[in-house]
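Working notes, beginning with the structure itself.
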Amino acid sequence: MDGNKFTKEQAREFLKQEALKEISEVSDFTRFHTRVFCVIAKYGMQIEAKEEELLSGDEWSNPASKDILMKRVIEFFDKHIK
């Protein structure tokens, strides 16, 4: 985003897309959980993630679950990036 004025919704969408881009750049699934945690921590949403048990569950160790996990992360960001 440059020096132009943006609506709150545009800024929110930009922030969400930047976070998702940072997460999706991970090529090695063994580092996926750590990257998601770091991005969530970067935006100060660790407490919300812990309360919702976003980073818990066996699917975090199963590479076949990556699409499902990304969907959960997107829903989390939709809910919490304001």
Side-chain angles (χ1 to χ4, degrees):
M1 286 176 30
D2 53 29
N4 297 330
K5 290 188 177 186
F6 292 92
T7 66
K8 183 177 178 181
E9 190 58 37
Q10 288 171 320
R12 178 183 179 274
E13 185 61 26
F14 176 80
L15 184 62
K16 184 178 101 176
Q17 291 305 317
E18 288 297 305
L20 292 173
K21 183 170 80 173
E22 201 172 332
I23 290 169
S24 65
E25 289 175 349
V26 172
S27 58
D28 180 7
F29 185 79
T30 60
R31 296 177 17 214
F32 182 69
H33 182 273
T34 302
R35 176 64 63 94
V36 171
F37 174 80
C38 290
V39 171
I40 286 172
K42 178 179 175 179
Y43 295 108
M45 296 184 282
Q46 317 86 299
I47 294 172
E48 291 89 347
K50 184 175 181 176
E51 288 172 351
E52 294 184 19
E53 299 179 350
L54 176 67
L55 299 168
S56 311
D58 294 336
E59 63 272 7
W60 287 97
S61 60
N62 182 358
S65 299
K66 186 174 181 180
D67 290 338
I68 294 167
L69 294 169
M70 279 301 294
K71 190 175 192 179
R72 285 178 50 196
V73 169
I74 290 168
E75 290 170 0
F76 177 82
F77 285 148
D78 282 342
K79 181 177 178 182
H80 295 286
I81 293 180
K82 298 178 182 173

Q: Just jot down the side chain to side chain donor-acceptor pair (under 3.5 Å) partners of Ser27, sequence neighbours excluded, or say none.
A: none
Q) Donor-acceptor pair, Trp60 side chain versus Leu54 backbone, under 3.5 Å? A) yes
Q | Partners meeting salt bridge (charged side-chain N to carboxylate O under 4.0 Å, His left out) with Lys42 (sequence neighbours left out) | A | Glu22
Q | Value rounded to 0.5 Å, distance of CD1 in Ile74 from CG in Leu69 | A | 11.0 Å
Q: Taking all heavy atoms of Pro63 and all of Ser61, pick out the closest pair and write down the distance.
A: CD-O, 3.6 Å
Q: Please name all residues satisfying side chain to side chain contact (heavy atoms under 4.5 Å, CB included) with Glu25, sequence neighbours left out, ordered by chain then number.
A: Lys21, Arg35
Q.
Among residues at least two apart in sequence or on other chains, which ones pass side chain to side chain donor-acceptor pair (under 3.5 Å) with Asp28?
A. Thr30
Q: Please confirm whether the backbone N or O of Leu55 pairs with a side-chain atom of His33, one donor and one acceptor, at under 3.5 Å?
A: yes
(Q) Can you list everything that forms a side chain to side chain contact (heavy atoms under 4.5 Å, CB included) with Glu53? Sequence neighbours excluded, please. (A) Ser56
Q. With Glu9, which residues qualify under side chain to side chain donor-acceptor pair (under 3.5 Å), at least two apart?
A. Arg12
**Q.** Contacts of type side chain to side chain contact (heavy atoms under 4.5 Å, CB included), residue Glu48, not counting sequence neighbours
**A.** Met45, Phe76, His80
Q. What pairs with Ser24 under side chain to side chain contact (heavy atoms under 4.5 Å, CB included), at least two apart in sequence or on another chain?
A. none
Q | Listed partners of Lys66 passing salt bridge (charged side-chain N to carboxylate O under 4.0 Å, His left out), at least two apart | A | none
(Q) My understanding is that only residues two or more places apart in sequence, or in another chain, count here; which of them pass ring-ring contact (aromatic ring centres under 6.0 Å, His included) with Phe29? (A) Phe32
(Q) Once side chain to side chain donor-acceptor pair (under 3.5 Å) is applied, do any residues pair with Gln46, and if so which ones, sequence neighbours excluded? (A) none
Q.
Enumerate the salt bridge (charged side-chain N to carboxylate O under 4.0 Å, His left out) contacts for residues 70-80, please, sequence neighbours excluded, ordered by first and then second residue.
A. Lys16-Asp78, Glu52-Lys79, Glu59-Arg72
Q) What's the spacing between Glu13 CD and Thr7 OG1 if we round to 0.5 Å? A) 10.0 Å
